[in-house]
Amino acid sequence: MAISEEIQILRTTQQDPSCSSNSSPSRDHRFEKLRGVRWRINLGILPSSPSSTIHELRRVTADSRRRYAALRRRLLIDPHLPKKGINSPDLTIDNPLSQNPDSTWGRFFRNAELEKTLDQDLSRLYPEHGSYFQSSGCQGMLRRILLLWCLKHPEIGYRQGMHELLAPLLYVLQVDVQYLTDVRSNYEDQFIDLFDELAFQERDSAAYDFDIKKVLDDSMEEEEEEGGENGPPPLGSAKKKKPKSFDELDAETQTAVLLSDAYGAEGELGIVLSEKFMEHDAYSMFDALMYGGSSPGSVSVANFFVYSAPNDSVTGLPPVIEASTALYHLLSLVDASLHSHLVELGVEPQYFALRWLRVLFGREFPLNNLLIVWDEIFSAENSEVERGIVEADLGIEFRILSSPRGALVAGMAVSMILYLRSSLLATENATSSLKRLLNFPEDIDLSKVIEKAKSLQTLALEINARRDLIPKGSRKPTRGHSLSVDSISLGSSPVGIVPESYWEEKWRVLNSAEEEERKKKALQRPKAVKKSWSERVKLRLSRTESDPSPAEAIKSGNKPPIRRSLLDDLSRQLGEKEIEPPESLNADTDIERSSTVSESPNVDYEDNNFDKDRSENHVDSPLPVPENESQGRSLTNVFKETKILSGKFQRLWRLGRNLSGEEASATKEAKPIDSEDGKIDSEDGKIDSEDGKVDSDSTACNGDASKNTGRSMLEHIKVIESVLELSSPENMTENGRQTVEEALRELRRIGNTLLSEM
Amino acid sequence: MVLVLALGDLHVPHRAADLPPKFKSMLVPGKIQHIICTGNLCIKEIHDYLKTICPDLHIVRGEFDEDARYPENKTLTIGQFKLGLCHGHQVIPWGDLDSLAMLQRQLDVDILVTGHTHQFTAYKHEGGVVINPGSATGAYSSINQDVNPSFVLMDIDGLRVVVYVYELIDGEVKVDKIDFKKTSTTNSAP
């Protein structure tokens with residue numbers, strides 16, 4: 001028949017389910033091949049402890065089926081049948097046109113309305129597997145199940161998407177029944193009573209010995225439940241397999257046999273893998289999925305269909321919006337750049353997450369993959385994770401993250417977003433991003449996605465556990481922006497930073513940088529040494545003593561140019577620093593351009609502290625300068641130069657700030673220093689490489705871009721440094737001057753671009 | 001589960017202004033699949049109103065109908081039943097069962113619906129049913145001044161038809177029902 005063929009095809013193409021299941025100590029490994037039974041255990045319909053016997057499973061199954069049958073009898077009404085107990089129904093109420101909502105006709109018409117809505121959706125269900133899902137039997141079952149569920153839960157009613165949740169459940173049960181049929185055909189003798197044949201055979205043999213033992217063996221075997229399926233047992237056919245006793249069968253087949261034993265507990269109603277009661281089982285599975293757990297943190301998919309916020313929610317948002325926000329929150333922790341990119345484009349999470357969550361990714365994966373995904377999701381515990389120390393009044397911000405199953409769902413979603421990372425980052429507007437997100441590619445490495453989802457799950461659970469560390473006031477998420485606030489409070493840094501805290505932070509960093517710098521005075525310049533990023537930041541900021549360039553290393557050890565004194569923190573007195581620096585900076589070129597350049601630094605940043613202190617420095621630096629001035633340098637020149645340089649270093653500082661904010665990997669930081677070394681050697685080459693670096697900015701993402709600009713700026717500064725130290729300002733070669741000019745130009749340009757970005 | 005509404009003899013606007021409000025509140029669109037009307041509406045507005053209740057409308061000509069294009073008799077098949085429709089002023093004596101039975105045999109129908117007497121009647125006769133839904137507005141007739149508004153709703157389900165009668169008596173809607181089962185299936189002629 002067509003249905004079984006379809007299922008055979010689907011079964012052969014699907015991946016082996018057992019390979020994706022991880023072994024947890026409490027998991028029941030008895031039903032590896034029977035997905036329907038496994039899911040029923042995971043969803044809580046069947047007892048989940050591994051020690052529960054088949055007997056108990058059968059009892060529970062039978063009970064749930066009885067409940068469904070009663071429900072069906074109660075709610076599916078045929079107005080023609082007289083109601084029990086009412087001999088003459090009151091016709092004024094019970095006529096077809098009655099407006100009375102209690103009348104059977106009224107209910108009949110309401111059901112008819114609901115069925116019409118259901119049919120609209122059901123007719124479009126899984127057209128690619130249409131030979132099973134579009135068959136009238138299957139459609140009828142789906143319709144009845146959904147109708148009864150919606151009647152039982154009138155507060156939600158029917159929403160589009162519920163049919164897609166139900167279809168795989170029914171399918172899985174059908175597969176199990178198919179499996180059972182296969183087992184039957186292989187081990188016929190376990191399922192058939194062989195009394196007749198035995199007697200026949202016995203009669204054939206010499207004496208009619210009534211072999212008690214053999215009869216007893218046979219009576220243990222199952223009677224075939226639906227004899228029509230396999231046809232009557234072939235009597236005396238040659239192809240009869242050697243009859244095995246029950247104990248000789250392998251464990252799986254034994255289980256299958258016991259589960260479908262018509263003589264076991266509860267008789268036919270207890271046959272766990274039963275075609276007759278597929279509807280009942282599917283209903284209980286659907287119900288358990290929709291109203292999953294009793295604890296507030298568990299995943300009840302029905303909540304995703306609700307439009308209004310539940311009473312005890314912290315955030316006051318409908319659950320699906322809250323869950324979508326949780327997704328974005330998790331994404332921001334894992335991949336801030338992608339998150340900020342999506343937020344920038346205006347892609348709100350619920351645009352795509354609504355469909356993902358409501359149908360539990362049913363629309364994103366083909367059926368076989370979906371079954372594997374659901375295997376994983378269902379195997380996660382659905383109860384809220386205990387968080388001992390937390391005070392009761394903190395509440396739960398993201399409900400979905402409170403349970404392992406919810407966290408896995410969120411992790412799965414984020415891992416899917418990450419899978420599409422490169423294509424998403426390339427999109428220019430919200431529409432194309434959504435198009436990518438909503439058309440998840442078909443040929444994917446599912447195991448990788450699931451692995452990632454699991455790691456994200458642990459992360460999500462961890463975050464939730466640490467939630468009590470966050471002050472309550474900052475936790476209330478509104479759309480979009482507060483997400484960044486939340487992430488800041490958790491330590492990562494996206495865009496949209498509050499300026500003051502940033503500057504203060506920088507201040508502190510630089511202060512400590514000063515301390516470090518002092519300690520590091522004796523340090524030789526490290527080549528290709530991996531440093532901690534904070535050290536490197538200080539390196540950049542205080543480029544003076546730790547001379548990065550080999551050219552400078554050749555010269556005298558400590559050659560702190562004026563920059564250093566400026567850059568050195570404003571708590572320091574300038575006087576104690578070397579005074580030679582001002583001389584070396586007597587570049588005429590600087591003077592020419594000083595007027596124009598001096599504008600920009602002042603315009604840049606309004607930080608009162610800095611201005612104040614800088615002016616201090618300005619005041620201080622010229623004082624020692626005139627003493628040592630050999631040539632006729634004007635104070636103004638120095639002033640302007642210092643201003644220029646301070647402007648440059650301000651930018652540098654800013655860069656450092658950015659860089660400290662991001663999670664810079666150690667290797668990345670080491671690289672710029674290396675590259676800077678290599679490049680200082682050839683002056684011309686410098687500019688080219690810097691240009692190249694600047695060009696690469698545009699293609700990299702934000703973090704890389706700022707790093708690159710930082711690097712290039714540093715290089716420019718190094719250029720100036722080296723040139724100025726190579727030759728005194730007076731006898732600076734034309735070449736050198738040009739180099740310096742170009743470097744300064746580049747620096748200014750970068751500074752301006754940074755300005756325009758921020 | 002086919003619901004068929006049978007009504008007629010409204011005589012709007014000459015003898016009655018409109019259907020009683022209680023009837024109007026019951027006749028909501030969406031529940032009824034067919035309407036058969038015995039005639040004497042008389043104007044197009046009532047025709048349009050009936051169309052809003054159900055798009056499948058069958059009308060035969062009564063003597064006061066202003067639209068002359070309605071037929072004199074009509075037959076239709078709904079489910080397993082053949083229905084015949086005629087106004088009834090053509091059948092003399094008016095409302096006589098034997099004469100109506102003649103018409104039923106002539107039209108070869110299981111259910112014959114006629115009007116004109118403004119009086120509700122329903123007879124089981126010779127394996128068939130003869131129904132008169134009365135006047136839905138309670139308009140007076142030439143033989144009867146005191147008329148209760150009434151109409152009929154038939155629920156056709158397989159071989160069984162349940163006839164619900166709605167009458168407005170003293171301002172209250174009274175409902176009654178009659179069961180009728182057909183003995184043999186009709187062969188649908190090609």
Side-chain angles (χ1 to χ4, degrees), chain A residues 72-123 136-137 139-148 150-151 154 157-158 160, chain B residues 1-7 19-35 50 52-54 78-80 120 122 133 136 148-182:
Chain A
R72 194 162 66 172
R73 225 173 285 136
R74 197 162 38 100
L75 290 179
L76 272 188
I77 40 162
D78 184 3
H80 298 291
L81 298 175
K83 274 207 275 216
K84 265 186 277 189
I86 301 175
N87 291 330
S88 52
D90 187 3
L91 276 177
T92 45
I93 300 177
D94 247 350
N95 61 78
L97 295 179
S98 159
Q99 304 289 308
N100 193 325
D102 290 336
S103 72
T104 47
W105 281 96
R107 279 170 39 207
F108 170 78
F109 281 119
R110 276 194 297 275
N111 290 0
E113 281 288 326
L114 197 49
E115 278 192 28
K116 219 169 23 171
T117 327
L118 285 176
D119 278 336
Q120 273 178 347
D121 281 339
L122 285 176
S123 59
S136 58
Q139 290 257 312
M141 279 200 276
L142 292 172
R143 195 181 301 124
R144 272 196 300 277
I145 296 172
L146 285 170
L147 183 66
L148 289 174
C150 296
L151 288 176
Y158 176 72
Q160 194 181 37
Chain B
M1 248 340 252
V2 182
L3 290 179
V4 183
L5 176 68
L7 76 169
L19 285 159
K22 291 208 173 172
F23 279 2
K24 280 194 122 163
S25 68
M26 282 203 289
L27 294 174
V28 291
K31 291 188 183 175
I32 297 168
Q33 274 84 51
H34 306 275
I35 299 186
L50 291 177
T52 65
I53 301 176
C54 164
I78 295 176
Q80 301 287 338
F120 162 73
N148 287 325
S150 64
F151 67 89
V152 158
L153 183 71
M154 289 187 283
D155 176 14
I156 297 177
D157 193 23
L159 284 177
R160 182 169 160 242
V161 61
V162 180
V163 178
Y164 294 89
V165 180
Y166 295 80
E167 262 188 282
L168 192 69
I169 300 172
D170 296 331
E172 283 301 315
V173 178
K174 298 278 194 301
V175 189
D176 201 1
K177 92 174 181 188
I178 301 165
D179 258 307
F180 171 64
K181 238 191 172 69
K182 205 164 113 154

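Sequence lines set the chain letters: A, B, ... in the order given, protein chains first and strands last, and positions in each chain run from 1.
Rounding to the nearest 0.5 Å gives a distance of 4.0 Å between CH2 of W105(A) and CG of D155(B).
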Exercise for review: For the pair L97(A) and V175(B), evaluate side-chain contact (heavy atoms from CB on, under 4.5 Å) and give the outcome as yes or no after the intermediate values.
Suggested key: CA-CA 10 Å; L97(A) 295 179; V175(B) 189; over 6 Å; no
Practice item. Apply the test side-chain contact (heavy atoms from CB on, under 4.5 Å) to residues F109(A) and V28(B): give CA-CA distance (whole Å), side-chain angles for both, the deciding distance (0.1 Å), then the verdict. Key: CA-CA 12 Å; F109(A) 281 119; V28(B) 291; over 6 Å; no
